Amino acid sequence: MPVCVLSEGAGPGAQVPAHLTRIPIPHITISTDCSNKTVKGKVVRKGRLVSSVFDEVTLKAVIQEEDSQPSSSSQNLSISAVLFGALAKDFNKAVNEGDVVVASGFTVEKSGSVHEDRLHPCKLLLSGDDACFYVSRPPPPPDPGSRSAKGRSTAHTAEDSTKAKVPKYTYVGLDELEPGSVVNVYGVVVFFKQPFKSRGTDFCSILKITDKSNQKIGCTIFRQNLEDHPKIFQIGDIVRMHRVKAQFFNNAITLVNTFGFSVVTFDGVVGNAVEPRTSSRSFHFDQDDHRIVEELRSWAADGQTILPPTSTIPLSAVQPRAYFDLTCQLLSKAPIDTTCTLLKVWDGTRCPQTMLDVIVEPNVTEGPTSFSKEKEKLIANVLVYDNHVHVAGQLKPGDFLRIFNLRAILGSSQVPGLTSSQSEATDHLALHLHGGTAYGRGIRVLPENSPDVQKLKRTLDALSENNVDEFCELNDSELLRISITLPNSMELNGEAVKCSTERRCLHDVQPVNLAKVKQSDPGRIHHVRVQLRSYEPSRLYQSLKLYCSKCTLMEEIPDDELIAALFSDASKDSGPCSPPPWSLSGQVSVPGEAQGSANRALTVYMSSQLLSEGKFKDLLFLMGSTLEEMCRLATGYQNIVPVRPAGGQLTLLDLSAPFLFRGRRRYYGCKRCSEASVKELSAKGVEAIDQKVVAEALGIQLLQFVLLMKLELQDESDTLDVLLWRDAEKFFGVTADDVAADQEAQSVIHRTMDTLCPPEGSAADRPWLDLCLQSYRAEDNKGRNRTCYQIVHTSVTKPASTPPDPGPT
DNA sequence: GGTTAGGATTCG
């Protein structure tokens, strides 16, 4: 018998033949002599029985070393095992996830999937008469909470025997619900609706759950706050609900939340991390919960009950007229009318049908308004209607979404905003999210750590490395026309530190020389080992730019002379000015520049709302100051917005000047994309007023600080000019925001460049650098298409640190 | 400790 179940409670090994010796899983290598050896570990993953082309069934499992020594490596503790034939069938029947097994009679082979699953580099193969598993089954868990013999088979308990104060929860099987009782339950989700606004005061979630009893129980959750609702992403998710009331409706038991209700949701996929999804700060979660989740996962996976199939498909599989769910990233959104919003999304795959082009009003798009041609082909237009418009209003470009029950519609002639020429384009496709919640229609933002989002991000990352994206369409000759001064000059702080770089990517490509890189087609990733021959700009502060993520315009940072002139112009404006109704005006005294010189009183405006909350320092509108005075005042107030009177009204300064001063930091707005005006800032629900909050309130499209440099690389074969910008922050280990305001961050860049390319040094003094390069096609400033290169996924390994103490002088 | 909803499409 290839699978032996040992007696309950007896540790495995008790009946394992004595002549076998155990080998720890981390010690297994491709050259291990497997005769008379065993491995012991917990089954952490059990796959399904699969029939191969030769009619032999196989089953994959993952076994994890349990008794690892503290000194042993934490890596390679889990190994894949592939079982064949009768052994696979017996194992499938007799072994569950969580069981501890001893395997013997195996052979070892190289695993082909190390990079995907991060398991042991080897795998175990078990087939034929020699292969055998010994299984020990732990005794069944105590079950004091269940009231009936029948319950014993379905109820789960979670209790802590060591601490009496820890609440003990008893979970009731879905076949034991008594009308009127308040219970705690676990269940696998077979149907769900995202929360929707009820006619009452609450949001309402509708779900249907099942468990090993195979009962399907409808649940209705009313909660005012969306965060208190179950965070369900897909059918098969597992929910744990505390304090739900069973009641009869339409001859069936349903569950409704009662006082003290709470819910936690788990991913239902066997092998995924058991991470509770909840907004609750404190919730009970212990080993038993972990076990129950794993049990429900395995039960759902083994197919004894049939869960509805998932309807999530990629854009490439979209069929006209079909309903489906889509996991995607939001790129931009734009209102079409009061009942319809356009979402531009992508998932890295290409829909076979041409997308209907939806025309939107100018300046209403949130996010980029245009994309590279390559990217455009991958973008889908989703029109969401009615109740979903409100949900769409909360979404931000960049969010990862799952949209439930989308419908693909071909050649619809009624799409709002459609051009007349397109109404004949019957082969063009649009995706509609119709109004209502039927079939779970809705939108959900997925968290970044969810496995589906991780997968999507990998797809999208791989794509941007192989294609031109809009970031690449910059004009690097701009580098030569820079003339700016920063508030603080960057200081050179000498002392070469031995410094090199490290690639942080996972590309499986061999390093090549620069001559080879130049010969290759664009759109590739290259690894190179090179020296830095020269770089631009030589004045490093000039590498800092302002970038608009909406219109992708790159701008220089205006110099202090220009800003001072704008302040001076603004302070010349005078005349009566009626303060906005929401504001209170006052005077602020600016200390004189030199000691003994008179203080100057300047007019300020504050929000009366903020003032009443005692937050008068949080936001100030300042009129008539010089740049210098503004800088001095900015040290004492969190946010200062310079304003001037124009036509009797308060207005902002020209957007060439910073619209906001926060301490030493200055923030700029995009002249193209902003519709700036002085407005009241609502601090409701805002934790802290920062540049984003102020920009949004004033209608300003905030510009980002970015770093841009051109590096001349060299190896034995050739030289090559490359850009450093998309991953420049990663490269230097500092943020561009910090570089704009912080001398230490500027010094990091300075020291790093001095180390990579010593000012007076010869080639021998320049360290060799391991770089990951991306090549792409882009237009230069004369409109010619050429191949460009940029450094990506690379970090300086020893960020230039504070130079060593020179010692006593 | 009240009310809401109680799955079930196609409109634009």
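Chain naming here is simple, since letters A, B, ... match the order of the sequence lines and numbering starts at 1 in each. Quick caveat, the model's predicted, so the values are computed rather than measured.
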**Prompt:** Below 4.5 Å, heavy atoms only, C-beta onward: do F222(A) and T201(A) meet side chain to side chain?
**Reply:** no
Notebook entry, point to check: C351(A) versus L429(A): any side-chain heavy-atom pair under 4.5 Å?
Noted result: yes
Write down the distance between [atom1] ([X]) and [atom2] ([N]), rounded to a whole number of angstrom.
X       : N       : atom1 : atom2 : result
L431(A) : dT10(B) : CG    : C1'   : 15 Å
Q224(A) : dG1(B)  : CD    : P     : 18 Å
N405(A) : dC11(B) : CG    : P     : 12 Å
N387(A) : dG12(B) : CG    : P     : 17 Å
D386(A) : dT10(B) : CG    : C1'   : 13 Å
Q194(A) : dT9(B)  : CD    : P     : 19 Å
N257(A) : dG1(B)  : CG    : P     : 16 Å

Discussion item. Please classify the nucleic acid contact of G440(A) as base, sugar-phosphate, or nothing, using heavy-atom distances under 4.0 Å.
Written reply: nothing
Q) When all nucleic acid strands are considered with a 4.0 Å heavy-atom cut-off, which category describes R321(A): base, sugar-phosphate, or nothing? A) nothing
Each nucleotide of nucleotides 2-7 of chain B classed B (base within 4.0 Å of a protein heavy atom), S (only sugar-phosphate) or -, in 5' to 3' order, makes -BBBBB
Would you kindly check if the NZ (Lys) or CZ (Arg) of R240(A) is within the cone defined by 45 degrees around the ring axis of F283(A) and under 6.0 Å from the six-membered ring centre? no
Between T349(A) and D347(A), is any side-chain donor less than 3.5 angstrom from a side-chain acceptor? yes
Which atom pairs, donor and acceptor, lie under 3.5 Å between side-chain atoms of residues 358-368 of chain A and protein residues at least two apart or in another chain?
none

Practice item. Could you walk me through whether K344(A) and E376(A) pass side chain to side chain contact (heavy atoms under 4.5 Å, CB included), step by step? Key: CA-CA 10 Å; K344(A) 281 189 174 281; E376(A) 198 74 58; 4.1 Å; yes
(message) Taking the six-membered ring for Trp, are H242(A) and Y171(A) closer than 6.0 Å centroid to centroid?
(response) yes
In numerical order, the residues of residues 229-237 of chain A whose heavy atoms come under 4.0 Å of DNA chain B are none
For this session: Salt-bridge test for E294(A) and R297(A): reply yes if a basic N is under 4.0 Å from a carboxylate O, no otherwise.
Result: yes
Interatomic distance at C1', dT10(B) relative to dG6(B), whole Å:
23 Å
Does D337(A) get its side chain close enough to the base of dG12(B), under 3.5 Å, for a donor-acceptor pair? no
Tested for side chain to side chain contact (heavy atoms under 4.5 Å, CB included) against I232(A), the lone hit among V263(A), D237(A), I238(A) is D237(A)
